[in-house]
There are 2 protein chains.
Amino acid sequence: MGDGSPVRVVLVDDHPVVRAGLRALVDGQDGIEVVGEASDLASAEEVVDATRPDVVLMDLNLGDGPGGVEVTARLRGLPGPPNVLVLTTYDTEADILRALDAGAVGYLLKDAPPDQLFAGIRATARGETVLAPSVAARLVRRTAAPGPVVTEREVEVLELLSRGLGNREMARELLVSEATVKSHLSHIYTKLGVDTRAGAVAAAIERRIIRSGA
Amino acid sequence: MGDGSPVRVVLVDDHPVVRAGLRALVDGQDGIEVVGEASDLASAEEVVDATRPDVVLMDLNLGDGPGGVEVTARLRGLPGPPNVLVLTTYDTEADILRALDAGAVGYLLKDAPPDQLFAGIRATARGETVLAPSVAARLVRRTAAPGPVVTEREVEVLELLSRGLGNREMARELLVSEATVKSHLSHIYTKLGVDTRAGAVAAAIERRIIRSGA
DNA sequence: GGCGGCATCATCCGATCGGCTATCCGGGTG
DNA sequence: CACCCGGATAGCCGATCGGATGATGCCGCC
């Protein structure tokens, strides 16, 4: 890689220690320059607007308030938007799908080796799609899946379920009837091989379909 | 702080990126030297045995296998054990209590400012107890609590609950009758102000009484 | 020694859940 | 154009849950 112009990177993560660590790790790395940091939606928009980076390294878990998915969508809505590379801990289907849907061009996990991160940042700057192996595998298994795959609507139900709602409340939340919710639940039970709502939540977390609560 | 002898630190975290980031952040910092890294129980014992550090920076989430609590307990069982400073993302009651119980002398969160981390490492080396403000607050509120506090047994029930077990299964797991489980559940509902098992799991996660699944 | 908190166990009963079956509609596919 | 799938809806019924009430034994504490 020629360093005719370095890749300008902004970090978005709500943990100061992680930000500082990432900055120490990638800043100055062959052809990479960290030009800003942010911890939430407001500061991210501000910093990106001010620094106009090539790449945004995005954590999905930003504590309270809008998460990394929302921030990604907002940044992609800006004129001349940066390429967003998600760097997070979890590889649940829901997270991956939403992040890519929001306009992220890459999805790496924090347990990736540093070299992969550096290469990923450079590739992201070029607009290439970068996926961690486990993420790619999950996507492949999703599209070319032989076995039972929960549908998008079912994922929504699973998430409400993990938040502790009853059928009546879920129905209200999803703007459908209780019967429909029960129908979704039945399909979910069958697909996950369980027979209780709590068991479904456990299985969904186990299979990385949803990520629970906190 | 005089640097008559630097504080020798070993990092334990299953994420290479985080380890590298932490090393870049704290190594060389006034009076602090990183002398080793580990990602699991086996490598931690090996590295600590070989380097005999003053402080071990311990993540509680080590992916599969034994967690940071177990590793802490094992390290503390060694002759001339290092002082363990927990550095993690979560501050649930269950995590805090178990970590301190296992012999950790400090508990910081990854969202702490770097300066607090440096100071915490030095304090830990001197054997002083270092607690993040939110952790200290939680402990205080626990002992000097006026309001409803879930008991240890109730926490056990909540954890089984979050794993999706039914009353019958929980009873078998806890070696008690179903009636007892129902009794615990009723108390939990009252204390958490909910009325369903899924709601209890959500509230318990919300209040950081338990941490869910993954 | 009494009092309260915790854990244990037991009923009873109304509310909710979970399984089963069946219908309807819209969108994509052979 | 049939066909299938995902989504939405409905009723029925046995199983489970959640609430109320009450009782026993073991602690630690004043």
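Proteins get letters first, then strands, A, B, ... in listed order; numbering begins at 1 in each.
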Indicate yes or no: does D59(A) engage K110(A) in a salt bridge with an N to O separation below 4.0 Å.
yes
Assign each of H187(A) and K182(A) to its nearest nucleotide of DNA chain D by heavy atoms, then name whichever residue's nucleotide is nearer the 5' end.
H187(A)
T151(A) vs dG7(D): side-chain N/O to OP1/OP2 distance below 4.0 Å:
yes
R197(B) has a side chain; which of dT9(D), dA10(C), dC17(D) sits nearest to it?
dC17(D)
Examine dT9(D): is either OP1 or OP2 under 4.0 Å from a nitrogen or oxygen in the side chain of T180(A)? Give yes or no.
yes
Picking from dG19(D), dC9(C), dT9(D), which would you name as closest to the side chain of D195(B)?
dG19(D)
Could you tell me whether a side-chain N or O of E46(B) sits under 3.5 Å from a main-chain N or O of S43(B), the two making a donor and an acceptor?
no
Is the distance from OP1 or OP2 of dA8(D) to the nearest side-chain N or O of R153(A) less than 4.0 Å?
yes
R76(B) and V84(B): which non-hydrogen atoms are nearest, and at how many Å?
CD-CG2, 4.2 Å
For residues N167(A) and R197(A), is any side-chain donor paired with an opposing acceptor at under 3.5 Å?
yes
Touch check for S177(A), heavy atoms < 4.0 angstrom, all strands: base, sugar-phosphate only, or nothing?
sugar-phosphate
Sugar-phosphate only, base, or nothing, as touched by T196(B) at under 4.0 Å among non-hydrogen atoms:
sugar-phosphate
Test of understanding: with side chain to side chain donor-acceptor pair (under 3.5 Å), list the residues that count as partners of R74(B), not counting sequence neighbours.
E45(B)
Can you tell me the distance, in whole Å, between the CG atom of L185(A) and the C1' atom of dA8(D)?
14 Å
Calculate the interatomic distance between E178(A) atom CD and dA15(C) atom P; express it in whole Å.
14 Å
Gap between atoms CD1 and C1', on I188(A) and dG6(D) respectively (whole Å):
13 Å
Of dA7(C), dT9(D), dG7(D), the nucleotide closest to the side chain of E154(B) is dA7(C)
The answer to which of A179(B) and S186(A) contacts DNA chain C further toward the 5' end, by nearest nucleotide, is A179(B)
Rounded to the nearest angstrom, tell me the gap between atom NE2 in H184(A) and atom C1' in dC5(D).
13 Å
L165(A) CG to dC17(C) P, straight-line distance once rounded to whole Å
11 Å
Here the distance between atom P of dT16(D) and atom OH of Y189(B), to the nearest Å, is 15 Å
Does E169(B) pair with R172(B) as a salt bridge, N-O distance under 4.0 Å?
no
Could you work out, with side chain to side chain contact (heavy atoms under 4.5 Å, CB included) as the rule, every residue matching A73(B), not counting sequence neighbours?
A102(B)
Distance check needed: dA7(C) P versus E156(B) CD, whole Å only.
9 Å
Mind running a 4.0 Å heavy-atom check of residues 167-174 of chain A against DNA chain D and sending the residues that fall below it, in number order?
none
